[in-house]
2 protein chains.
Amino acid sequence: MQNRVLLVEDDDELRELLARYLSGQGFTVREAANGKDGLALALGQHCDIVVLDIMLPDINGLEVLRELRSQTHLPVVLLTARGDETDRIVGFEVGADDYIPKPCNPRELVARLQAILRRVAWDQKTEVKAEQRYGDLRIETNHRRIYQNDEALDLTATEYEILQVLLAHAGSVVRKTDLMQWALGRRLEAFDRTLDMHISNLRKKLGSDDSPRIETVRGLGYSYRVSE
Amino acid sequence: MQNRVLLVEDDDELRELLARYLSGQGFTVREAANGKDGLALALGQHCDIVVLDIMLPDINGLEVLRELRSQTHLPVVLLTARGDETDRIVGFEVGADDYIPKPCNPRELVARLQAILRRVAWDQKTEVKAEQRYGDLRIETNHRRIYQNDEALDLTATEYEILQVLLAHAGSVVRKTDLMQWALGRRLEAFDRTLDMHISNLRKKLGSDDSPRIETVRGLGYSYRVSE
DNA sequence: ATGCCATGTAAAGGTTCTGCAAAGGACCAT
DNA sequence: ATGGTCCTTTGCAGAACCTTTACATGGCAT
């Protein structure tokens with residue numbers, strides 16, 4: 001099966017060069033020349049990985065990445081001028097999977113893309129369904145709603161994100177740093193109690209069983225308790 | 001707890017520099033100065049990610065990687081002299097997750113490690129339960145729990161780490177300095193009785209058989225007794 | 001036996017982490 | 001503006017935990 005790459009790059013010449021090379025390497029390529037189109041394509045069309053230039057005419061690439069990360073975990077490789085160390089570090093912190101300096105060797109680009117896709121393929125065994133059940137909870141991902149015994153929970157956007165992440169990893173411990181990154185889209189800084197508050201509120205809304213559904217794993221994070 | 005990095009690098013100075021930096025960044029660091037030790041430690045599976053130099057005195061790093069890949073999907077980041085493009089491409093093809101040219105910026109190394117770990121942590125939600133048995137003990141890595149006859153032991157984070165290390169080396173002696181480094185993530189200093197206390201508490205929680213499950217090897221360390 | 005050193009463990013000490021209420025601030029619609 | 005909703009910050013209290021201290025025990029060499 002062919003992997004689908006989305007190429008977001010404003011330099012037409014470079015973009016077409018890469019597109020041609022990637023096609024030759026067995027990728028299906030989609031292209032966008034600016035951040036707005038790129039974002040739309042990434043969110044709409046189905047693709048497996050995104051190659052994203054940081055310098056774009058409209059929205060900054062990092063901004064595109066941040067927006068993308070708030071909604072999906074689609075793998076993203078950043079592309080930018082060599083030597084810009086700040087962008088590089090920030091890029092990783094925002095959630096990039098890799099970073100390649102321009103001008104880049106196409107072979108290396110392909111190698112890196114495939115390394116990431118390989119990792120994703122290994123670990124990601126099942127597709128996420130539009131609807132999933134966890135005990136008496138049911139989550140409808142396209143409506144961004146969660147039902148408890150068929151009654152919709154009145155959650156805020158952030159609470160939904162957090163609970164969604166916890167449910168996706170139900171039974172496993174989700175570290176605070178990861179939860180922060182995945183649900184809130186930013187790094188966990190020292191003394192930041194935001195997460196604790198959201199958890200506290202979530203617990204309230206989930207009702208009081210004998211033992212809390214969201215368990216605290218001290219020094220690590222939280223985990224949604226699986227029934228049975 | 002912390003992420004565990006295995007550093008395989010023959011240059012003592014560089015290795016210690018990186019080790020110190022990574023420790024400071026919240027990683028638990030294990031070190032190996034050659035390919036053979038590195039492979040053994042990596043397969044002993046007490047780490048989350050490996051940083052592997054390609055130029056090693058004994059086995060070539062790529063060979064180590066190939067051997068590793070034949071048995072596990074443990075994330076590996078290659079480290080090598082800048083400009084060696086062939087190695088780089090080959091490295092990816094053999095299954096590396098990333099490649100960093102030396103001399104490397106420690107901050108970038110950390111950023112890349114975390115990008116990979118983030119992706120792995122996210123994708124592993126679908127992974128089949130990692131579960132291992134040692135007599136009547138069963139350890140579930142993603143829940144971070146240890147069960148004794150199907151009853152969860154109420155362990156603290158540190159106790160879990162210690163028991164996990166002991167179990168992984170069940171039957172052989174783990175030196176106190178190593179146990180300290182691997183489970184507590186710091187060096188064993190003189191007059192530090194912390195480890196002894198944790199062992200004492202662990203023994204209590206493991207219940208009293210006729211002979212202790214965690215055996216003391218005087219002057220050396222501890223070892224988890226294998227049944228039969 | 002004697003002394004030294006490693007170990008076992010109870011209890012105390014101190015640190016870090018967490019829960020939560022309340023207040024502050026940002027944003028949006030009216 | 002005004003009010004409402006939501007996210008974040010602040011502060012405190014309590015809990016959980018790790019480490020230290022102190023003393024008892026036991027092995028080992030001389």
Side-chain angles (χ1 to χ4, degrees), chain A residues 66 70 144-146 152-166 173-177 179-209 211-223, chain B residues 1-2 26 28 144-145 152-163 165-166 173-209 211-223 225:
Chain A
R66 197 169 289 128
S70 73
R144 296 174 63 84
R145 284 228 182 89
I146 301 182
L153 287 170
D154 183 24
L155 303 178
T156 69
T158 306
E159 286 164 2
Y160 170 86
E161 287 296 331
I162 291 176
L163 186 51
Q164 191 253 335
V165 171
L166 287 177
V173 180
V174 181
R175 288 166 207 232
K176 283 179 127 175
T177 59
L179 193 51
M180 195 70 181
Q181 189 73 61
W182 295 336
L184 285 281
R186 64 171 202 261
R187 279 220 311 187
L188 177 63
E189 305 287 347
F191 308 119
D192 188 335
R193 312 295 314 283
T194 307
L195 213 43
D196 307 62
M197 278 314 305
H198 287 300
I199 293 286
S200 173
N201 295 331
L202 259 177
R203 282 183 172 143
K204 247 180 278 177
K205 292 188 180 178
L206 282 170
S208 50
D209 303 330
S211 58
R213 289 150 179 264
I214 298 177
E215 292 174 347
T216 302
V217 182
R218 191 186 157 82
L220 250 190
Y222 298 94
S223 111
Chain B
M1 191 65 137
Q2 319 183 9
T28 301
R144 214 150 213 290
R145 287 223 185 97
L153 289 170
D154 183 24
L155 303 178
T156 69
T158 306
E159 287 163 2
Y160 172 88
E161 290 293 332
I162 291 176
L163 186 50
V165 170
L166 288 176
V173 182
V174 181
R175 277 182 288 193
K176 283 179 114 171
T177 59
D178 290 340
L179 194 51
M180 195 70 181
Q181 187 72 60
W182 298 342
L184 285 281
R186 64 172 202 259
R187 288 237 308 261
L188 177 62
E189 305 286 348
F191 308 118
D192 188 337
R193 311 295 315 283
T194 306
L195 211 45
D196 306 65
M197 276 314 305
H198 286 301
I199 293 286
S200 172
N201 294 330
L202 259 178
R203 283 181 172 146
K204 243 182 282 179
K205 292 187 180 178
L206 282 170
S208 49
D209 304 329
S211 58
R213 288 151 179 265
I214 298 177
E215 292 172 345
T216 302
V217 182
R218 193 187 159 81
L220 249 186
Y222 299 94
S223 106
R225 180 167 48 77

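Every chain is numbered from 1 and lettered A, B, ... according to where its sequence line falls, protein lines coming before strand lines. Excluded from the calculations below are hydrogen atoms, water molecules and symmetry mates; all remaining heavy atoms, backbone and side chain alike, are included.
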Which letters describe nucleotides 20-30 of chain C, given B = protein heavy atom under 4.0 Å from base, S = only from sugar-phosphate, - = neither?
-> BB---------
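- A:Arg213 has its CZ atom 17 Å from the P atom of C:dG19, to the nearest Å.
- Here B:Val174 pairs with B:Val165, B:Leu166, B:His169, B:Asp178, B:Leu179, B:Trp182 under the side chain to side chain contact (heavy atoms under 4.5 Å, CB included) rule; sequence neighbours left out.
- As rounded to whole Å, 14 Å separates atom P of D:dT21 from atom CD of B:Glu189.
- Rounded to whole angstrom, the span from the CZ atom of A:Arg144 across to the P atom of D:dC6 amounts to 13 Å.
- For D:dC7, the OP1/OP2 oxygens have no side-chain nitrogen or oxygen of A:Arg186 closer than 4.0 Å.
- Applying the salt bridge (charged side-chain N to carboxylate O under 4.0 Å, His left out) rule to A:Arg218 yields no partners; only residues at least two apart in sequence or on another chain are considered.
- Across its full length, the helix from C:dA1-D:dT30 to C:dT30-D:dA1 shows an angle of 30° between the axes of its 5 terminal pairs at either end, rounded to 10 degrees.
- OP1 or OP2 of D:dT9 lies within a sub-4.0 Å distance of a side-chain N or O belonging to A:Thr194.
- Under the side chain to side chain contact (heavy atoms under 4.5 Å, CB included) criterion, A:Gln181 pairs with A:Arg187, B:Arg118, not counting sequence neighbours.
- For A:Arg203, the salt bridge (charged side-chain N to carboxylate O under 4.0 Å, His left out) criterion is met by no residue, not counting sequence neighbours.
- Rounded to an integer number of Å, the gap from B:Lys176 NZ to C:dA6 P is 9 Å.
- OP1 and OP2 of D:dC6 both lie 4.0 Å or more from every side-chain N or O belonging to A:His198.
- Atom CG in A:Leu195 sits about 12 Å away from atom C1' in C:dT18, given to the nearest Å.
- At whole-Å resolution of the value, CG in B:Asn201 and P in C:dG8 are 12 Å apart.
- Between B:Asp192 and B:Thr194 the shortest heavy-atom distance is OD1-OG1, 2.5 Å.
- Residues satisfying the salt bridge (charged side-chain N to carboxylate O under 4.0 Å, His left out) test with A:Asp196, not counting sequence neighbours, are A:Lys176, A:Arg193.
- Applying the side chain to side chain contact (heavy atoms under 4.5 Å, CB included) criterion to A:Asn201, with sequence neighbours excluded, gives A:Glu159, A:Met197, A:Lys204.
- The residue A:Asp192 sits close only to the backbone: its heavy atoms come under 4.0 Å of sugar-phosphate atoms, none of a base.
- For the OP1/OP2 pair of D:dA16 and a distance below 4.0 Å, the side-chain nitrogens and oxygens of B:Thr156 include no atom meeting the criterion.
- Atom CZ of A:Arg186 is separated from atom CZ of A:Arg66 by 11.5 Å, given to the nearest 0.5 angstrom.
- For the side-chain contact (heavy atoms from CB on, under 4.5 Å) criterion with B:Tyr222, the lone passing option out of B:Val173, B:Thr216, B:Val217 is B:Thr216.
- Nearest heavy-atom pair, A:Leu155 versus A:Lys205, reported as atom, atom and distance to 0.1 Å: CD2-CD, 3.9 Å.
- In the region residues 215-223 of chain B, proximity to DNA chain D at under 4.0 angstrom, judged on heavy atoms, holds for B:Arg218.
- Under the side chain to side chain contact (heavy atoms under 4.5 Å, CB included) criterion, A:Arg144 pairs with A:Tyr160, A:Glu161, not counting sequence neighbours.
- Atom pair A:Arg187:CZ and D:dT8:C1' shows a separation of 18 Å (rounding to whole Å applied).
- Under the rule for a salt bridge (charged side-chain N to carboxylate O under 4.0 Å, His left out), A:Arg145 has no partner lying at least two apart in sequence or in another chain.
- Atom CZ in B:Phe191 sits about 14 Å away from atom C1' in C:dT7, given to the nearest Å.
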